[in-house]
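So the structure is just underneath, and the comments pick up after that.
Just so it is clear, the values below take in all heavy atoms, side chains as well, and ignore hydrogens, waters and symmetry mates. These numbers come from a predicted model, not from an experiment. Naming convention: chains lettered A, B, ... in sequence-line order (proteins, then strands); numbering from 1 in each chain.
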Amino acid sequence: MKITLNKTEYKNVYVPNDDSYLFLDALKEEIQYFPQNAIVVEMGCGSGILIGNVSKLLQEQNNRALMCVGIDINYDACIASSRIMQENQIYFDCINSNGFEGLALDKSGIDIFIFNPPYVPTEDEEVERCKKYFKEKQQLFAQAYANNLRGQDLIEEVAKVNLIDCSYSGGKDGMEVTWKILEKVTKLMNANGIIYLFVIQDNPINEIIAFFKAKGFEGYILKKQQKYNEIQLILKFVYNK
Amino acid sequence: MRLLVHNLLMCNKCDKNNYPLKIEVNKSVIMELEFKKDAILKLIPKLDFEVLSNTVRELGFKQFPKQIPPNVDQDLVFLKDLHRVLFETHIMDGQLTCPNPSCKRNYPITNGIPNMILTEDEQ
Ligand SMILES: C[S@@+](CC[C@H](N)C(=O)[O-])C[C@H]1O[C@@H](n2cnc3c(N)ncnc32)[C@H](O)[C@@H]1O
Ligand SMILES: [Zn+2]
């Protein structure tokens, strides 16, 4: 799968980095364990590198996912990832949402959940700045939409507010967004469902593992690597319902 | 956005009468995808079929059945219709509206992307 970001997207959308590639390596090895006709959901799909490759690999194994849904808070990322999927003829739907807001996944449940969150611990100031941009972007969208901007014009207008900080800024312990998402997703997983999560050593890894254990998930460490002074890990949690 | 996704969306401002969202389509396109009987059969129990059927019929496909046909695994005509509706029809522009009469919040679909984000005071 080829990721093609244009100049604006290159600034506004999370460009696949060491974390994305480590995650992708893990997923490539894991695909064999995915159930037939799975419902695959990725939170914070960014460019779509993870869910796009999963969808493509499943397709090649003649085990097309029933649905591959990517969710991102950043409209620019939603636009970029959907375009990239179309260019690569990959089967995918993208929703612009803040976490699971607006999603009714209770009936279908989730079989595979992928999450490379904003994981960097940041000060309150930075979290506030993110929230401010997020609000501004939403206002800009509403305004542009009301002014009947559509298509490329709308995309360009909305891109004037850059949400890239929201792709890494994780607040306290780097867990502000992550805890909210994990709390919700554990309620949506189907029996034998699998959650894949990226973390670094600054995140409270033992606490995360204990959290999952209490909810009936068994945890594994799939990958570990050091990049500069960051230790990166891919965790796997299987729901023994 | 495909109708498959519509089946998964609700209004998060309300906690009741918030599903399914009414849908209005300004522009849709068909993108072909290989038909797989297996996949579509497995999907059926995961859908809210009544919601799907109402939506499809509201959008003008009046012959679409209200209930899942009895011998569904033999009914290729139906399965192919379902495949077209769920997997191949992409709504590029339109809007979703909360069915709750005291809310009626609109969620735009632009460039194929539904925007479900609420403002701070709506949460
Ligand atoms: C570290 S990036 C990962 C991007 C991509 N999955 C990858 O691995 O390259 C985190 C992504 O999460 C998105 N994000 C952050 N907060 C979010 C939220 N509350 N809801 C949905 N997406 C969010 C960001 O916009 C960003 O695209
Ligand atoms: Zn509502």
**OP:** Would you indicate whether the side-chain heavy atoms of Y91(A) and R2(B) approach each other to under 4.5 Å?
**Re:** yes
**OP:** Can you establish whether the number of heavy atoms outside E123(A) located under 6.0 Å from its atom CD is more than 12?
**Re:** no
Original post:
What distance separates N37(A) CG from D38(B) CG, expressed to the nearest 0.5 Å?
Top reply: 6.5 Å
Subject >> Contacting moiety of M1(B), where chain A heavy atoms sit under 4.5 Å >> reply: backbone
Original post:
When only pairs under 4.5 Å are counted, which of A142(A), G102(A), S108(A) shares the most heavy-atom pairs with chain B?
Top reply: G102(A)
**OP:** Heavy-atom distances under 4.5 Å only: say whether F100(A) touches chain B with side chain, backbone, both or neither.
**Re:** neither
Original post:
Given that the side chain runs from C-beta out, which part of L66(A) has a heavy atom under 4.5 Å from chain B: side chain, backbone, both or neither?
Top reply: both
Subject >> I95(A) side chain near L9(B) side chain, heavy-atom distance below 4.5 Å >> reply: yes
**OP:** Would you indicate whether K27(B), at its atom NZ, is surrounded by more than 12 heavy atoms from other residues, nucleotides or ligands within a distance under 6.0 Å?
**Re:** no
Subject >> Contact origin within N18(B) toward chain A - heavy atom pairs under 4.5 Å >> reply: neither
Subject >> Interatomic distance, E101(A) atom CD to L118(B) atom CG [nearest 0.5 angstrom] >> reply: 4.0 Å
Original post:
What is the distance from atom CD1 of I113(B) to atom OG of S82(A), rounded to the nearest 0.5 Å?
Top reply: 3.0 Å
Original post:
Given a strict heavy-atom distance threshold of 4.5 Å, which part of L47(B) is in contact with chain A: side chain, backbone, both, or neither?
Top reply: backbone
Subject >> Min side-chain heavy-atom separation Q95(B)-Y145(A) under 4.5 Å >> reply: yes
Subject >> N12(B) CG to S97(A) OG distance, which is reported to the nearest 0.5 Å >> reply: 7.5 Å
Original post:
If you draw a 6.0 Å radius around NZ in K135(A), do more than 12 non-hydrogen atoms from other residues or ligands fall strictly inside?
Top reply: no
**OP:** Flag the one option from R83(A), Q139(A), Q86(A) with the top tally of heavy-atom pairs under 4.5 Å to chain B.
**Re:** Q86(A)
**OP:** Kindly indicate whether the side chain of L103(A), heavy atoms from C-beta on, has any atom under 4.5 Å from the side chain of M116(B).
**Re:** no
**OP:** Please tell me if the side chains of Y75(A) and I117(B) come closer than 4.5 Å, counting only heavy atoms from C-beta onward.
**Re:** no
**OP:** Please indicate whether F61(B) has more than 12 foreign heavy atoms, meaning atoms of other residues, nucleotides or ligands, lying under 6.0 Å from its CZ.
**Re:** yes
**OP:** Answer yes or no: are there more than 12 heavy-atom neighbours, outside D15(B) itself, under 6.0 Å from its atom CG?
**Re:** no
Original post:
Quick one: what part of D72(A) sits under 4.5 Å from any heavy atom of chain B, side chain, backbone, both or neither?
Top reply: neither
Subject >> Option that, when pairs with chain A are counted at under 4.5 Å, heavy atom only, ranks first among C11(B), P20(B), P114(B), P45(B) >> reply: P114(B)
Original post:
Picking from I79(A), V69(A), I71(A), D106(A), which has the most non-hydrogen pairs under 4.5 angstrom with chain B?
Top reply: I79(A)
Original post:
CZ of F87(B) to CG of D93(A): how many Å apart, nearest 0.5 Å?
Top reply: 10.0 Å
Original post:
Does a sphere of radius 6.0 Å around CD in Q61(A) hold more than 12 heavy atoms from other residues, nucleotides or ligands, not counting ones at 6.0 Å or beyond?
Top reply: yes
Subject >> Reported CG-to-SG distance for the pair N111(B) and C94(A), which is rounded to 0.5 angstrom >> reply: 12.0 Å
**OP:** Could you check if a side-chain atom of M67(A) sits within less than 4.5 angstrom of a side-chain atom of K46(B), using non-hydrogen atoms only?
**Re:** no
Original post:
Yes or no on side chain to side chain contact (heavy atoms under 4.5 Å, CB included) for N115(B) and Q138(A), after CA distance, side-chain angles and deciding distance?
Top reply: CA-CA 10 Å; N115(B) 182 340; Q138(A) 214 27 40; 3.5 Å; yes
Original post:
Quick one: what part of Y107(B) sits under 4.5 Å from any heavy atom of chain A, side chain, backbone, both or neither?
Top reply: neither
**OP:** Decide if atom NZ of K104(B) counts as having more than 12 heavy atoms of other residues, nucleotides or ligands within a radius under 6.0 Å.
**Re:** no
**OP:** Please say whether more than 12 non-hydrogen atoms of neighbouring residues, nucleotides or ligands are located less than 6.0 Å from CD in E50(B).
**Re:** no
